[in-house]
Amino acid sequence: MIVETTALSHMFAGREVVRDVGLQVPMGAAMVLLGANGAGKTSLLRLLLNILRPSKGGARLFGRDSRCLGPEDFQRIGYAAESQILPGRLSVSAYFDYLRPLYERWDGALEQHLRRHFGLPGGQRIDLLSHGASMTLRLATALAFRPTLLILDEPLGGLDQDVREQVLDILIDRAGDTTILMATQEITDIDRFATHVAFMADGRLLFQEETGTLAARMRDVRVQVGEMWDLPATLPESWLTATRTGRTLGFIDSGFVSEAVLRQQLADCGIEIGGLDIRPLALRDIAVPLIRAQRGETGQ
Amino acid sequence: MCHIVHMTPFRIEFQPGQPIVDQVVFAATRAFVSGQMLPGDAFPSVRALAADLRIHPNTAHKAVQALIREGWLEVHPGIGTIVAHRVAPAGGDRWGLLNDKVDALVVDARSAGISLEDLQRVIVERWAALDKTEVR
């Protein structure tokens, strides 16, 4: 594991914004960290980077306690976040000139490739860059020293489609050599690229798994039900966002095994099945119901 | 600097709910059995495959490894990965997992109320369609 946390927690303003998180990022993975705004994604990433300190538990990066990370460790960790402050009065070229000697493994050819790929204008003052260009500048400076681990906080937020594709192309190009941990809400473009998905809600890590197993267990289910029928008081916990419209019961089954098992579960709930429609879900369609289900739970 | 771009010679309409690796392996296998890619043809590198299909290079690597195991691809050091002169498995192996798939197909067809004649007709059509995808 390149990143491993144990019961990692963080208190902010008297509230536990990260609670007992046990995150494991395998070497070479591209893990997407999903969750609603305020779920604790940014705080978790900052804990890993030793920007925040744990109130309980701990994190290890390359087997080293995050509280002990020093300059030599940051030679191997790239970090790009929307909130990162850039030296606005410098030109793009001057900023690269400033960073280059700070990194032993800085790759000049890769720097040129990244600058060309993103079309970053060398002479432009950084505070005059567009939102998209300043995000790609952060990404380019986080990648040019060939980090072993790349931590990204909402790298695609507010970017135009073509810029998002440029970012994705670069991530695909660097992945494998670089382990990627990326907090994001925008998964439309990266659902094929992500190898692992982790999901946070209310400071907790609800699950982390390979994208393939997540896709295999999530199904959009629609049941045509018999006439005299009420929604049973308790449905299986794995059925998310269950709603009844007329004679149709719809829900996301987050623990799908097979149609036979699902039919048995429906029978156990006393639901008479008129018709059954089971569809797989794209990763982007999984995130929204999960976030909604979580909100419903905390709202009770 | 010379930069060779290998466009992946098969298209994939990715479907949700199925592992990406399996979908890549299936699409490549279809390209081989339809003659869209022939023995001796260069197969894209892992990097090119990942970039072209917008998938993780580890996923592309797994797909290529699976195709090598199946005997569809060969690695030639210094040249790259090429489509192999594949010998189909002999005897009982030939059917392998296919028996289960045929069983599943028959059960699904029956439960959907599809007649044997219709199923046979569709199989014949699909069989012929694979030959038509040949682009050479």
Side-chain angles (χ1 to χ4, degrees), chain A residues 26-32 109 112-113 117 164-180 182 187-196 209-221 252-253 256 258-260 263 275-276 278-286, chain B residues 1-8 10-28 44-68 75 80-81 97 100-101 103-114:
Chain A
M27 186 80 84
M31 182 183 274
V32 172
Q112 289 310 317
H113 171 69
H117 180 80
R164 287 155 69 125
E165 282 178 17
Q166 285 174 359
V167 169
L168 180 60
D169 285 339
I170 281 297
L171 293 181
I172 291 170
D173 185 53
R174 305 316 312 158
D177 299 340
T178 300
T179 302
I180 300 171
M182 166 171 31
I187 50 170
T188 314
D189 307 304
I190 55 163
D191 55 357
R192 268 158 32 202
F193 169 65
T195 61
H196 292 72
E209 63 189 288
E210 288 189 32
T211 314
T213 66
L214 177 65
R217 71 178 172 93
M218 302 292 281
R219 288 292 182 278
D220 187 8
V221 179
I252 304 287
D253 185 356
F256 179 79
S258 68
E259 182 176 333
R263 283 183 179 272
L276 185 58
I278 306 169
R279 283 163 201 251
L281 282 159
L283 184 54
R284 60 177 173 275
D285 298 326
I286 289 171
Chain B
M1 201 162 64
C2 163
H3 190 68
I4 299 163
V5 180
H6 273 294
M7 284 301 286
T8 305
F10 50 86
R11 291 286 108 216
I12 306 181
E13 290 266 327
F14 283 101
Q15 303 296 327
Q18 226 192 326
I20 302 286
V21 179
D22 297 357
Q23 298 190 55
V24 176
V25 169
F26 181 78
S45 70
V46 163
R47 290 243 158 242
L49 200 61
D52 203 29
L53 301 176
R54 313 205 113 173
I55 60 177
H56 197 282
N58 292 2
T59 310
H61 176 76
K62 280 184 194 164
V64 169
Q65 290 304 311
L67 290 165
I68 291 170
V75 180
T81 306
L97 284 170
D100 295 343
K101 289 188 178 171
D103 284 342
L105 180 67
V106 169
V107 169
D108 285 353
R110 279 200 169 201
S111 80
I114 291 166

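Lettering of chains follows the sequences in order, A, B, ..., and the numbering in each one begins at 1. Being a predicted model, the structure only gives us computed values, none of them experimental. These values consider heavy atoms only, across backbone and side chains, with no hydrogens, waters or symmetry-generated copies.
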Query raised in the report: Using 4.0 Å as the upper bound for N to carboxylate O, is an ion pair formed by B/R11 and B/D52?
Result: yes
Report summary line: Counting heavy-atom pairs under 4.5 angstrom with chain A, the leader among B/P19, B/A60, B/A50, B/P57 is B/P57
What side-chain donor-acceptor pairs closer than 3.5 Å can you find for residues 169-180 of chain A, not counting sequence neighbours?
{"residue": "A/D169", "atom": "OD1", "partner": "B/R54", "partner atom": "NE", "Å": "3.4"}
{"residue": "A/D169", "atom": "OD1", "partner": "B/R54", "partner atom": "NH2", "Å": "2.4"}
{"residue": "A/D169", "atom": "OD2", "partner": "B/R54", "partner atom": "NH2", "Å": "3.1"}
{"residue": "A/T178", "atom": "OG1", "partner": "A/P147", "partner atom": "O", "Å": "2.9"}
{"residue": "A/T179", "atom": "OG1", "partner": "A/G28", "partner atom": "N", "Å": "2.7"}

Query raised in the report: Tell me, side chain or backbone of B/I20 under 4.5 Å from chain A's heavy atoms, or both, or neither?
Result: side chain
Requested in this report: Check salt bridge (charged side-chain N to carboxylate O under 4.0 Å, His left out) between A/R219 and all other residues, then give those that pass, not counting sequence neighbours.
Outcome: none
Query raised in the report: Side chain, backbone, both or neither: which part of A/L281 has a non-hydrogen atom closer than 4.5 Å to chain B?
Result: backbone
Query raised in the report: Any chance NE2 of A/H117 has more than 12 other-residue heavy atoms, nucleotides or ligands included, within less than 6.0 Å?
Result: yes
Query raised in the report: A/G212, A/A194, A/A30: which one forms the most heavy-atom pairs within less than 4.5 Å of chain B?
Result: A/A30
